Number of protein chains: 2
Amino acid sequence: MTKDLLYRLIWLSRPLMQAAEAAVDRGLAGTGLTVRTRAVLEILHDFGDATVPEIAHRLEINRQYVQTMVNETLASELTVRRANPRHRASPLIGLTATGRETIAAVLAAERKLVGDLAQSFDDAEVATALDVVQRLTEALRPLGRERPA
Amino acid sequence: MTKDLLYRLIWLSRPLMQAAEAAVDRGLAGTGLTVRTRAVLEILHDFGDATVPEIAHRLEINRQYVQTMVNETLASELTVRRANPRHRASPLIGLTATGRETIAAVLAAERKLVGDLAQSFDDAEVATALDVVQRLTEALRPLGRERPA
DNA sequence: TCATATTGACAAGTTACATGTCACTATGAC
DNA sequence: GTCATAGTGACATGTAACTTGTCAATATGA
């Protein structure tokens with residue numbers, strides 16, 4: 001029955017996430033990054049300079065916490081503040097040369113590992129899995145809200 | 001490319017888990033349970049009486065934390081201590097009538113919701129997704145360990 | 001019987017967040 | 001321009017879900 005399979009799939013999300021984040025964390029050893037500062041740098045790497053609230057929106061966590069993560073990356077000179085023409089009080093955060101090299105190296109290493117894993121899977125099944133998981137996530141989301149829609 | 005799809009699938013595990021746990025949490029409103037005490041009761045419901053270390057092993061978290069969760073369920077009389085013939089100092093934890101009714105109601109409600117969701121999916125795609133996610137989790141697990149195997 | 005392991009209880013520490021407040025700064029309607 | 005309203009950085013505090021360490025009581029097995 002689909003119901004039971006779906007139930008098992010839902011509860012597999014936690015082990016998958018834990019395994020994934022542990023693997024990422026291990027890949028971060030020696031870089032001085034944490035899983036969360038890695039996430040900030042990845043946003044800047046993928047989308048270019050952004051303000052703290054913009055990064056927070058992308059990461060779907062609140063701006064106050066992102067602020068502390070960004071402050072850490074500023075302190076370790078992985079990022080810098082740049083003048084924001086659109087808002088004088090809210091500078092754009094951008095990668096420094098070091099920051100760019102660091103995150104690029106991390107992402108490249110991760111992609112290499114995933115490339116190795118990918119050999120055990122074929123395109124069609126992964127595409128199906130991705131589609132199912134995406135639809136499932138969207139279907140579950142409203143159920144967690146105050147007033148489920 | 002399979003690699004990119006796989007990468008996206010890996011990073012979807014967190015949103016899926018968050019959506020799933022938020023939905024579970026919402027279903028717990030009014031029962032006095034938390035996501036974690038629910039997990040303890042579910043183990044007892046599915047596998048029968050168990051000691052604290054046994055529950056911890058099933059949940060893959062440490063016994064000290066499980067002990068505090070179990071103590072909460074004992075305090076709210078959802079569970080009771082029963083003599084353990086195999087170990088005098090480590091009682092078996094079992095559901096009370098109230099505990100059994102509570103967890104049965106919660107699980108039934110969850111299964112009903114999943115049943116509704118299941119109508120948007122077909123058996124084959126969910127089976128494929130489950131298989132991919134299981135294999136992916138097992139493949140990622142060793143990468144997070146000290147000495148990746 | 002005696003070394004070793006298991007268990008419950010308790011204390012602390014940690015991580016990854018959320019929430020609330022303040023002062024400052026923009027922005028847009030007028 | 002002016003003024004209500006919203007966005008922002010900084011800071012403080014709170015919280016859930018853990019981990020780690022320790023101790024004394026108790027088992028277990030050679």
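Below, chain A is the first sequence line, B the second, and so on; all start at residue 1. Small disclaimer: the values here were computed from a predicted structure and weren't measured.
Under the 3.5 Å distance criterion, with hydrogens and angles disregarded, a donor-acceptor pair is assigned to the side chains of A:Thr2 and B:Asp123.
Between B:Thr68 and C:dA9, a side-chain N or O to OP1/OP2 separation shorter than 4.0 Å is absent. OP1 or OP2 of C:dG8 has not a single side-chain nitrogen or oxygen of B:Asn71 nearer than 4.0 Å.
The distance between atom CD1 of B:Ile93 and atom C1' of C:dA9, rounded to the nearest whole Å, is 13 Å. Atom CG of A:Leu33 and atom C1' of C:dT15 are 17 Å apart (whole Å). Rounded to whole Å, the distance from CD on A:Gln67 to P on C:dG20 is 19 Å. Summarising the geometry, the separation between CG on B:Asn84 and P on C:dT7 is reported as 9 Å, rounded to the nearest angstrom.
For the salt bridge (charged side-chain N to carboxylate O under 4.0 Å, His left out) with A:Glu21, the lone residue among A:Arg38, A:Arg26, A:Arg36 that qualifies is A:Arg36.
Criterion: ILVMFWY side-chain heavy atoms under 4.5 Å apart, direct or through other members. Under it, B:Leu92 and B:Val80 are not part of a common hydrophobic cluster.
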> Can you give one letter per nucleotide of nucleotides 14-24 of chain D, 5' to 3': B if a protein heavy atom sits under 4.0 Å from the base, S if only from the sugar-phosphate, - if neither?
Replying inline: ---SBBBBB--
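Think of A:Met17 as one node in a network of Ile, Leu, Val, Met, Phe, Trp and Tyr side chains linked at under 4.5 Å; its network also takes in B:Met17.
A distance of 5.0 Å separates CG in B:Leu44 from CG in B:Leu95, rounded to the nearest 0.5 Å.
Nearest-nucleotide assignment on DNA chain C puts the 5′-proximal partner with A:Met69, out of A:Pro85 and A:Met69.
A salt bridge is absent between B:Arg58 and B:Glu54; no separation between the charged side-chain nitrogens and carboxylate oxygens falls under 4.0 Å.
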